[in-house]
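Take a look at the structure below.
By convention in this document, chain letters (A, B, ...) are assigned in the order of the sequence lines, proteins followed by strands, and residues within each chain are numbered from 1.
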Amino acid sequence: MVKIKTVNLNLFYGSFKALSNINLDVKKNQITAFIGSSGCGKTSLLRCLNRMNDFIRGVKIEGEVLIDGKEIYKNVVDLTNLRRRIGMVFQRPNPFPLSIYDNVIYGPKVHGINHQENLMEITKKALSSVFLWRELKNKLNDSALDLSGEQQQRLCIARLLAVHAEVLLMDEPCSTLDPIATAKIEELIMELKKKYTIVIVSHNMQQAARVSDYTGFFLLGEMVEFGKTEKIFTAPKDKRTEDYITGKFG
Amino acid sequence: MKNHQEKIIEKSILIVAFSTVFILFLITLFIFKEGLPFILNNGLTRLFFSTNWSPSDGSYGIIPMLIGSLSITFGALILGVPLGVACAIYLAEFSSKTLRNILKPMIELLAGIPSVVYGFIGMIFLAPVIRSYFGGPGLSILTASIVLGIMILPTIISISLDALLMLPRSYKEGSMALGATQWQTVTGVLLPAARSGILAGVILGMGRAIGETMAVIMVTGNSVKVPSSFIDSTRTLTANIALEMGYAIGEHRQALFATAIILFVFIIILNILAMKIIKKRRI
Ligand SMILES: Nc1ncnc2c1ncn2[C@@H]1O[C@H](COP(=O)(O)OP(=O)(O)OP(=O)(O)O)[C@@H](O)[C@H]1O
Ligand SMILES: [Mg+2]
């Protein structure tokens with residue numbers, strides 16, 4: 001089932017065309033990876049999917065983005081609800097400078113859940129889902145900034161689970177983490193796939209090959225090739241994809 | 001050759017800097033030398049355990065002025081803090097960058113207007129309004145609170161604004177990406193994140209309010225009795241020193257210097273607090 005679909009998507013920063021004619025199907029409960037060298041537009045595309053580009057001045061977007069078949073740019077969209085459903089994990093873990101508990105319940109509170117018991121229940125569930133509950137259940141009032149990078153990134157994922165996100169957009173979620181932490185986060189991502197649709201940007205091709213079901217290869221704002229991950233990595237159709245994967249450039 | 005010249009410049013700057021500090025040190029020393037004997041001879045009781053200030057009878061109770069200073073400062077904060085923080089929030093999060101770049105220096109400029117101007121406006125325009133709406137003499141705690149509340153705005157706004165602008169973008173993005181509105185982001189993430197900076201601004205503003213002299217002399221009425229309501233006139237510690245120092249001699253003069261020491265200590269504590277808070281801030 002297709003969760004997110006883009007149709008002839010173009011994105012301009014002023015007069016600079018950063019994305020060109022992107023047609024993409026993101027399947028539900030699958031992990032889709034975007035790979036490609038720096039500056040090819042992976043982040044830009046990701047931020048189209050939850051309309052985070054709205055905050056950047058001078059951005060122009062053409063084409064369509066459909067979530068569950070509904071266009072999100074042309075129709076009147078409840079952006080609050082859209083962003084709740086399409087959650088985002090950033091490159092650098094960005095917990096709020098609040099307590100661990102307040103970080104998790106921030107989203108639910110924003111969306112109108114205020115009951116203390118409910119909030120505690122939500123916190124427990126969200127932290128358990130990212131395997132942090134046992135470590136942190138006695139430290140819920142500590143500052144989130146004191147956590148390790150890996151814990152912070154897990155917490156940022158937990159924040160999204162707490163508002164019942166359906167899609168998790170992850171922009172190089174492991175790029176600031178060491179290899180062991182990276183392996184653990186990857187494990188978490190594969191676990192989360194059961195319940196969530198995941199789109200992950202990665203600079204690391206092994207990572208994309210390890211975790212993803214589908215892979216899109218990007219080059220200078222174009223999606224050169226898209227398909228099943230094993231296909232892309234074993235038998236790419238496009239010469240440029242092959243060059244990138246075999247390390248001839250990029 | 002160049003090196004030689006640089007050394008001379010360096011040395012002379014050092015001398016200038018050092019002498020500034022030295023002069024400040026001398027002033028402090030002088031205040032303590034003049035005021036400390038009074039405190040040492042009488043303890044603090046004679047200053048603090050009396051509501052009667054009449055130097056001709058040898059009564060030096062600073063309680064009326066202390067109440068005056070504190071109530072006006074408190075009133076100024078009630079007015080200045082919400083207004084100032086709201087203004088900083090607007091400039092940091094809601095106004096366009098162009099507007100901010102125009103308004104920020106203008107607000108900072110407001111801090112440079114001599115306090116006598118604020119006092120004059122308060123006396124000529126505000127006091128009559130207060131008199132006709134609330135009764136009383138017009139020159140009152142309320143009038144002074146409003147004038148001071150406005151005077152501390154630049155301090156509160158510019159420090160709070162800097163604190164808000166220094167926050168990393170990622171806080172805002174993280175919040176917006178969760179579906180929060182801009183206002184929810186401000187109250188839920190940005191204000192708590194900038195709270196220490198804002199608090200520092202408030203404390204510095206408070207220091208300014210306590211220390212202000214000229215404007216309060218002009219708008220408080222300067223009566224030396226314990227005020228019974230916010231439309232009564234009153235006198236502040238600073239005003240008391242300024243008004244009486246010109247003719248005070250002997251013990252009277254010493255008592256005024258002792259008051260200055262108390263103010264001095266108070267302001268120092270506030271500043272240290274503000275600095276501690278600013279330093280503790282983590283990003
Ligand atoms: N806010 C912006 N204003 C103008 N140009 C931008 C902006 N953001 C990105 N770009 C440009 O758009 C292109 C794509 O950027 P994007 O960040 O999407 O690439 P990326 O694939 O995520 O790169 P990286 O791997 O380095 O994160 C780049 O050439 C970049 O310089
Ligand atoms: Mg990127």
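The 12-atom threshold is not exceeded at CZ of B/Arg195, counting heavy atoms of other residues, nucleotides or ligands nearer than 6.0 Å. The local environment of NZ in A/Lys70 is sparse, with at most 12 non-hydrogen atoms from other residues, nucleotides or ligands closer than 6.0 Å. The number of heavy atoms from other shown groups lying within 6.0 Å of CD (A/Glu71) is above 12. Other residues, nucleotides and ligands contribute more than 12 heavy atoms inside 6.0 Å of the NZ atom of A/Lys193. B/Tyr133 OH: 12 or fewer foreign heavy atoms inside a 6.0 Å radius. No more than 12 heavy atoms of other residues, nucleotides or ligands sit less than 6.0 Å from atom CZ of A/Arg92. Surrounding CZ of B/Phe94 are more than 12 heavy atoms belonging to other residues, nucleotides or ligands, all under 6.0 Å away.
Taking 4.5 Å as the heavy-atom cut-off, the residues of residues 172-186 of chain B that approach chain A are B/Glu173, B/Gly174, B/Ser175, B/Met176, B/Ala177, B/Leu178, B/Gly179, B/Ala180, B/Thr181, B/Gln184, B/Thr185, ordered by number.
Of the two parts of A/Arg47, only the side chain, counted from C-beta on, holds a non-hydrogen atom closer than 4.5 Å to a non-hydrogen atom of chain B.
Minimum interatomic distance between B/Pro192 and A/Leu98 (heavy atoms only, all atoms of both residues): CB-CD2, 3.6 Å. Smallest separation of non-hydrogen atoms from A/Phe96 and B/Tyr171: CE2-O, 3.4 Å.
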